[in-house]
Amino acid sequence: LAGINSKVQLFSFLSKGTGSFELQSECGHHGHIMVLYMQSRGDFIIIGDLMKSISLLMYKSLDGTIEEISRDYNANWMTAVEMCDDEIYVG
């Protein structure tokens with residue numbers, strides 16, 4: 001899982017069989033200004049954005065997608081994010 005500029009991208013680590021490995025993109029989510037902070041717990045991902053506050057994403061392995069399920073619509077600059085448990089997120 002990586003935050004690359006304005007996108008959250010999930011990669012899989014694959015063996016090529018010759019002792020070499022490769023990262024393959026599985027899915028992503030875009031719509032952020034700049035992903036600065038990221039935490040994950042199970043299928044849940046929280047994103048601390050440069051200007052768009054905090055967002056809660058969910059990885060759906062059956063669909064192979066990452067979807068936004070909640071966000072703070074206020075324009076807050078994040079300095080950190082943390083998942084305290086499955087229901088409490090701090091930004």
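What you see is a predicted model; the values in this text were computed from it and never measured.
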Side chain to side chain contact (heavy atoms under 4.5 Å, CB included) between Lys52 and Arg71: does it pass, once the steps are laid out?
CA-CA 9 Å; Lys52 285 185 153 182; Arg71 76 182 338 216; 3.7 Å; yes
Return the minimal non-hydrogen interatomic distance between Cys27 and Gly64, and the atom names on each side.
CB-O, 3.1 Å
Tell me which one of Gln39, Met38, Glu68 satisfies side chain to side chain contact (heavy atoms under 4.5 Å, CB included) with Ile47.
Met38
Quick check: is Tyr37 connected to Ile4 through a chain of hydrophobic side chains (ILVMFWY, heavy atoms under 4.5 Å apart)?
no
Which atom pair, heavy atoms only, marks the closest approach of His32 to Val8?
NE2-CG2, 4.1 Å
When rounded to the nearest 0.5 angstrom, what distance separates CD in Glu82 from CD1 in Ile88?
12.0 Å
Any heavy-atom pair between the side chains of Tyr89 and Leu56 that's under 4.5 Å?
yes
Strictly below 4.0 Å, N to O, side chains only: are Asp43 and Lys60 in salt-bridge contact?
no
Would you say that Leu36 contacts Asp49 through its side chain, given a criterion of any heavy-atom pair below 4.5 Å between the two side chains?
no
Side chain to side chain, Ser6 and Val35, heavy atoms closer than 4.5 Å
no
Begin from the C-alpha positions of Ile45 and Leu1 and carry the test side chain to side chain contact (heavy atoms under 4.5 Å, CB included) through to its verdict.
CA-CA 9 Å; Ile45 306 160; Leu1 187 63; 4.0 Å; yes
Is it true that Trp77 and Val90 fall in one hydrophobic cluster, defined by side-chain heavy atoms closer than 4.5 Å?
no
Mind checking whether Ile69 and Met83 sit in one hydrophobic cluster, side chains of I, L, V, M, F, W, Y counted as touching below 4.5 Å?
yes
Is it the case that Asn74 and Asp72 place a side-chain donor and acceptor less than 3.5 Å from each other?
yes
Straight-line distance of Met58 CE to Ser40 OG, nearest 0.5 Å:
13.0 Å
Look at the rings of Phe21 and Phe13 and say which category their plane angle falls in: under 30° parallel, 30 to 60° tilted, over 60° perpendicular.
parallel
May I ask whether Ile33 and Leu57 are part of the same hydrophobic cluster, defined by side-chain heavy atoms of I, L, V, M, F, W, Y residues being less than 4.5 angstrom apart, directly or through others?
no
I'd like to know whether CD of Glu87 has more than 12 heavy-atom contacts from other residues, nucleotides or ligands below 6.0 angstrom.
no
Pairwise distance NE2(His29) to CD(Glu67) - rounded to 0.5 angstrom
8.5 Å
Quick one: do Met51 and Ile46 end up in the same hydrophobic cluster if we chain Ile, Leu, Val, Met, Phe, Trp and Tyr together by side-chain heavy atoms under 4.5 Å apart?
yes
Minimum heavy-atom distance Ser53-Met78, with the two atoms named:
O-CG, 3.4 Å
What is the distance from atom CZ of Phe11 to atom CD of Gln24, rounded to the nearest 0.5 Å?
10.5 Å
Find out whether Leu10 and Tyr59 are in side-chain contact, i.e. whether some heavy atom of one side chain is under 4.5 Å from a heavy atom of the other.
yes
Side chains of Gln9 and Ser25: does their closest heavy-atom pair fall under 4.5 Å?
yes
Which distance, rounded to the nearest 0.5 Å, do you find between the CD of Glu26 and the OG of Ser61?
9.5 Å
